[in-house]
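To keep things clear, I will list the structure first and then write my remarks on it.
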Amino acid sequence: MHVYQRLGLRRVINADARLTRLGGSIMPPEVLAAMAEAAQWYVDLFELQRAVGRRIAELTHNEAAYVCTGASAGLFLATLACLTGPDLRAISQLVDQMPDPVLARDEVIIHTAHRIPYDPAIRLAGARLVEIGNVLQTFPWELEAAISERTAAVVYMAGEHLSRGALPLSQVIEIAHAHGVPVIVDAAAQLPPPENLWRFTRDLGADLAIFSGGKDLRGPQASGLIVGRADLIEAVFHHGAPHQRLGRPMKVGREEMIGLLTALELYLQQDHAARIARCEAIVQGWVEQFSRLPGAKARRDFPNEAGQPVPRLLLELDPEQAGLTGGELRQRLWEGDPRIAVAPAGDRGVYITPDTLETGEEELIAERVTAIIQATAGRRVGD
Ligand SMILES: *Cc1c(COP(=O)(O)O)cnc(C)c1O
C-alpha cells in the first residue's frame with residue numbers, strides 16, 4: 001500500500017497543471033537519487049549554497065544564482081535584497097527593526113494588472129506596494145511618475161496571461177534603469193522554454209528573475225530559484241537561511257539544493273521538442289476520441305494556462321446531449337479513484353493537460369471521460 005493510501009488518501013492523476021496544491025510535479029528518479037545522496041552526508045550549508053549557486057549560474061548563463069524554497073520565497077528574498085542592497089549592516093539591522101522597517105527605499109512598484117495572490121510575499125519583506133495603471137492598460141508615464149527616491153524595485157509578473165494591461169518588460173526595464181531602479185521578474189511558471197532561464201536577465205536586462213523549482217523544472221516541490229545580478233544575489237544570500245535573519249523561516253535544505261541543481265541539469269539536457277511533440281500526439285488522440293462522444297466538442301488549445309508553448313485539450317460539452325455540464329464532468333473525474341484533476345473552462349467544459357501525465361495515464365483519462373459521458377448522455381442534466 002502506498003504511503004498516501006495508508007493515510008486514507010487517494011492518488012491524483014494530474015491533468016490540470018503543475019499546481020502546488022496537487023504536489024507541483026513529479027521528480028525524475030535521478031533527482032530523488034541525488035537528494036538521497038545529499039542526505040547521507042553533513043556538509044557546510046553556507047559553502048553548499050554558494051557552490052550550488054555558482055554551478056547554476058554557469059548552467060543558466062547568469063552572473064549568480066541562489067536556491068530558495070519556492071518562487072514565493074524568492075519574491076520575498078529578492079524584495080529584501082532590493083530594499084537593503086548587499087550592505088551587511090543594513091541587512092542585519094532590518095532584523096531588529098521588523099515589523100517596522102526603517103528603510104531609505106521601501107516602495108515596490110507593481111502593475112495593477114500584476115496583482116496576484118503571490119504578491120503578499122513582497123509586503124512580507126516590509127515593502128509598500130505602489131500600483132501603476134489599471135487591469136486593462138498602463139502608460140509609460142505612469143511608471144515614470146511612480147518612481148521616486150523611495151523606490152526600491154519594480155516587480156514584474158511575467159506571462160502572457162498576465163501581460164494584458166501591463167507595459168512590455170523591455171520598456172519597464174528601460175524606464176526603471178534610467179532611474180537606477182532594479183527590476184525583479186517573477187517568472188515562476190515561465191518554463192518552457194528553458195531559454196527563459198537567461199532571457200529575462202541576460203538578454204532583456206532584468207536584475208533578478210525567479211522560478212519555481214517544483215513546477216516545470218521538476219525539482220523538489222519546496223524549491224525555487226533566483227538568478228541575476230551578483231550583488232543582489234549576494235544580498236539574497238545574507239538575508240537567507242542558514243543565516244539567522246529574515247529569510248530563516250524559509251530554510252532550504254541540502255536535499256533541495258542538490259535536488260534542484262540535478263533537476264536543472266536534466267532540464268537543460270531534455271529534448272523539449274520531443275516533449276512537446278508527445279503532448280501534441282496525446283491531444284490529437286483525445287480530440288479524435290472525444291469528438292465521437294455525444295454533445296462533446298474537443299479541440300486543441302494553445303498555449304497553456306501560464307502562456308507556455310505546450311498544447312492542451314479543450315473539451316466543451318452541450319449539457320442537453322452529453323447529460324452533464326463541464327463542471328459536473330470535472331467533479332466526477334475528481335471523485336473517482338484515482339482522482340483525476342482537470343482544469344475548468346468556464347461553464348462550458350474542461351481543459352485537460354497532457355504535459356503533467358506519466359506514461360499511459362492519457363489512456364486512463366480517455367477511458368474515464370468516455371465512460372462518464374456514455375453513462376450520462378441522453379439523460380437530463382441534474383438527474
Ligand atoms: C506558482 C507561482 C508562484 C509561487 O511559486 P512557488 O514555487 O509555489 O512558491 C509565484 N508566482 C507565480 C506567477 C506563480 O505562477
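This is a predicted model, so every value here is computed, not measured. Note that ligands are numbered from 1 as they come in the structure, with each ligand's atoms numbered from 1 the same way.
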Stepwise salt bridge (charged side-chain N to carboxylate O under 4.0 Å, His left out) test for Arg312 and Asp16: CA-CA 9 Å; Arg312 57 182 179 167; Asp16 187 336; over 6 Å; no
Present, as a list of atom pairs with distances to 0.1 Å, all nitrogen or oxygen contacts under 3.5 Å between ligand 1 and the protein.
from, atom 1, to, atom 2, distance (Å)
ligand 1, 5 (O), Ser212, OG, 3.0
ligand 1, 7 (O), Ala71, N, 2.8
ligand 1, 7 (O), Ser212, OG, 2.7
ligand 1, 8 (O), Thr20, OG1, 3.3
ligand 1, 9 (O), Ala71, N, 3.1
ligand 1, 9 (O), Ser72, N, 2.9
ligand 1, 11 (N), Asp186, OD1, 3.3
ligand 1, 11 (N), Asp186, OD2, 2.7
ligand 1, 15 (O), Lys215, NZ, 2.8

Flag for His114-Asp119: side-chain donor and acceptor within less than 3.5 Å: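 Not at all, the side chains of Asp119 and His114 share no donor-acceptor pair under 3.5 Å.
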Listed partners of Glu265 passing salt bridge (charged side-chain N to carboxylate O under 4.0 Å, His left out), at least two apart: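 Once residues adjacent in sequence are excluded, the partners of Glu265 under the salt bridge (charged side-chain N to carboxylate O under 4.0 Å, His left out) criterion are Arg55.
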All salt bridge (charged side-chain N to carboxylate O under 4.0 Å, His left out) counterparts of Asp203, not counting sequence neighbours: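 For Asp203, no residue satisfies salt bridge (charged side-chain N to carboxylate O under 4.0 Å, His left out) once neighbours in sequence are set aside.
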Pairs meeting criterion side chain to side chain donor-acceptor pair (under 3.5 Å) with involvement of residues 135-144, two or more places apart: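 Applying side chain to side chain donor-acceptor pair (under 3.5 Å) to every pair that reaches into residues 135-144, excluding sequence neighbours, yields Glu144-His179.
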Check: Arg278 and Pro354 side chains under 4.5 Å, non-hydrogen atoms: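 Answer no - side chains too far apart.
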